[in-house]
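Quick note: residue numbers are just sequence positions, from 1.
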Amino acid sequence: MGNTKVKWPSIEYAQRVSSYFSHHATNEPLFKPELEISKKVLNLMKVKPQSDINLARIAKLLMEIEELEHYDGSGWHDFKTCIVAWIEEQRNDL
């Protein structure tokens with residue numbers, strides 16, 4: 001996911017993991033749900049100002065993927081952990 005350090009949790013970090021999903025989705029279809037969910041999550045993360053409703057939408061997307069067949073590897077767990085921590089930071093700032 002690159003050698004340059006980025007803040008964790010952050011939109012930039014989540015974008016890097018989403019790029020990882022994009023790269024692997026071309027050869028492994030099980031990465032496609034992770035890519036699609038990560039794109040939706042990233043779009044919602046960019047909304048300013050954040051709200052409880054928006055943060056709940058992001059959390060719901062993270063739960064929805066569990067109902068789908070997906071790769072569910074370390075990349076997804078890294079993405080999910082990053083997003084959960086980011087949501088917590090955002091809630092603290094509301």
Side-chain angles (χ1 to χ4, degrees):
M1 283 186 261
N3 294 329
T4 306
K5 285 224 174 218
V6 294
K7 181 180 180 274
W8 186 96
S10 67
I11 292 172
E12 294 80 15
Y13 189 88
Q15 286 173 323
R16 284 197 178 184
V17 182
S18 183
S19 294
Y20 169 82
F21 299 149
S22 179
H23 172 77
H24 288 289
T26 57
N27 295 319
E28 174 54 69
L30 290 175
F31 276 99
K32 289 181 181 177
E34 295 173 1
L35 174 60
E36 294 308 312
I37 293 289
S38 70
K39 286 179 180 180
K40 291 176 184 178
V41 166
L42 283 163
N43 284 335
L44 291 170
M45 288 174 79
K46 294 173 185 174
V47 170
K48 300 292 181 199
Q50 283 295 333
S51 66
D52 280 328
I53 292 170
N54 200 54
L55 297 173
R57 287 179 183 140
I58 294 170
K60 185 178 179 190
L61 285 168
L62 294 178
M63 291 186 301
E64 284 177 4
I65 196 169
E66 300 307 327
E67 299 172 12
L68 304 172
E69 185 177 5
H70 66 106
Y71 194 80
D72 202 18
S74 60
W76 175 252
H77 292 280
D78 192 29
F79 182 81
K80 186 175 178 179
T81 302
C82 173
I83 302 309
V84 169
W86 182 87
I87 289 171
E88 190 61 32
E89 279 188 358
Q90 299 303 305
R91 283 196 172 128
N92 290 337
D93 291 343
L94 291 179

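- With values rounded to the nearest 0.5 angstrom, Met45 atom CE is found 5.0 Å from Ile11 atom CD1.
- By the salt bridge (Lys or Arg N to Asp or Glu O under 4.0 Å) test, Glu67 pairs with no residue at all, sequence neighbours left out.
- Take Ala85 and apply the side-chain contact (heavy atoms from CB on, under 4.5 Å) test, not counting sequence neighbours, and it matches Trp8, Pro9.
- Interatomic distance, Glu34 CD to Leu68 CG, rounded to the nearest 0.5 Å: 10.0 Å.
- Between atom NZ of residue Lys39 and atom CG of residue Leu44 there is a gap of 14.5 Å, rounded to the nearest 0.5 Å.
- Interatomic distance, OH of Tyr13 versus NZ of Lys5, reported as 9.5 Å (0.5 Å rounding).
- Rounded to the nearest 0.5 angstrom, Glu12 CD and Cys82 SG are separated by 9.5 Å.
- For Lys32, there are no salt bridge (Lys or Arg N to Asp or Glu O under 4.0 Å) partners two or more places apart in sequence or in a different chain.
- Note on Val17 and Val6: same hydrophobic cluster, where clusters join Ile, Leu, Val, Met, Phe, Trp and Tyr whose side-chain heavy atoms are under 4.5 Å apart, directly or indirectly.
- Residues passing the side-chain hydrogen bond (donor to acceptor under 3.5 Å, both in side chains) test with His77 are Asp72, sequence neighbours excluded.
- Using a 4.5 Å heavy-atom threshold, the side chains of Leu61 and Ile83 count as separate.
- Counting only residues at least two apart or on different chains, the side chain to side chain donor-acceptor pair (under 3.5 Å) pairs with a member in residues 46-61 are Gln50-Asn54.
- Counting only residues at least two apart or on different chains, no ring-ring contact (aromatic ring centres under 6.0 Å, His included) pair has a member in residues 35-64.
- For residues 27-70, the pairs satisfying ring-ring contact (aromatic ring centres under 6.0 Å, His included) are Tyr20-Phe31, His24-Phe31, Phe31-Tyr71, His70-Trp76, with sequence neighbours left out.
- Shown here for Ile65 and Leu62, the closest heavy-atom pair between the two residues is CG2-O, 3.3 Å.
- Between the side chain of Ser18 and the backbone N or O of Gln15, no donor-acceptor pair lies under 3.5 Å.
- Listed by chain and residue number, Lys7 satisfy the salt bridge (Lys or Arg N to Asp or Glu O under 4.0 Å) test with Glu89 (two or more places apart in sequence, or in another chain).
- Clustering ILVMFWY residues whenever any of their side-chain heavy atoms sit less than 4.5 angstrom apart, transitively, puts Trp86 in a cluster other than the one holding Ile53.
- No more than 12 heavy atoms of other residues, nucleotides or ligands sit less than 6.0 Å from atom CD of Glu69.
- Clustering ILVMFWY residues whenever any of their side-chain heavy atoms sit less than 4.5 angstrom apart, transitively, puts Val84 in the very cluster that holds Phe21.
- Judged by distance alone, with hydrogens and angles left aside, the side-chain atoms of Asn92 form a donor-acceptor pair with the main-chain N or O of Glu88 at under 3.5 Å.
- Placement of Leu94 and Ile58 within a single hydrophobic cluster is found when ILVMFWY residues are connected by side-chain heavy-atom separations under 4.5 Å, directly or transitively.
- Applying the ring-ring contact (aromatic ring centres under 6.0 Å, His included) test to pairs two or more places apart or on separate chains, none has a residue in residues 36-60.
- Between Lys40 and Glu64 there is no side-chain heavy-atom pair separated by less than 4.5 Å.
- Listed by first then second residue, pairs satisfying ring-ring contact (aromatic ring centres under 6.0 Å, His included) with a partner in residues 34-67 number zero, not counting sequence neighbours.
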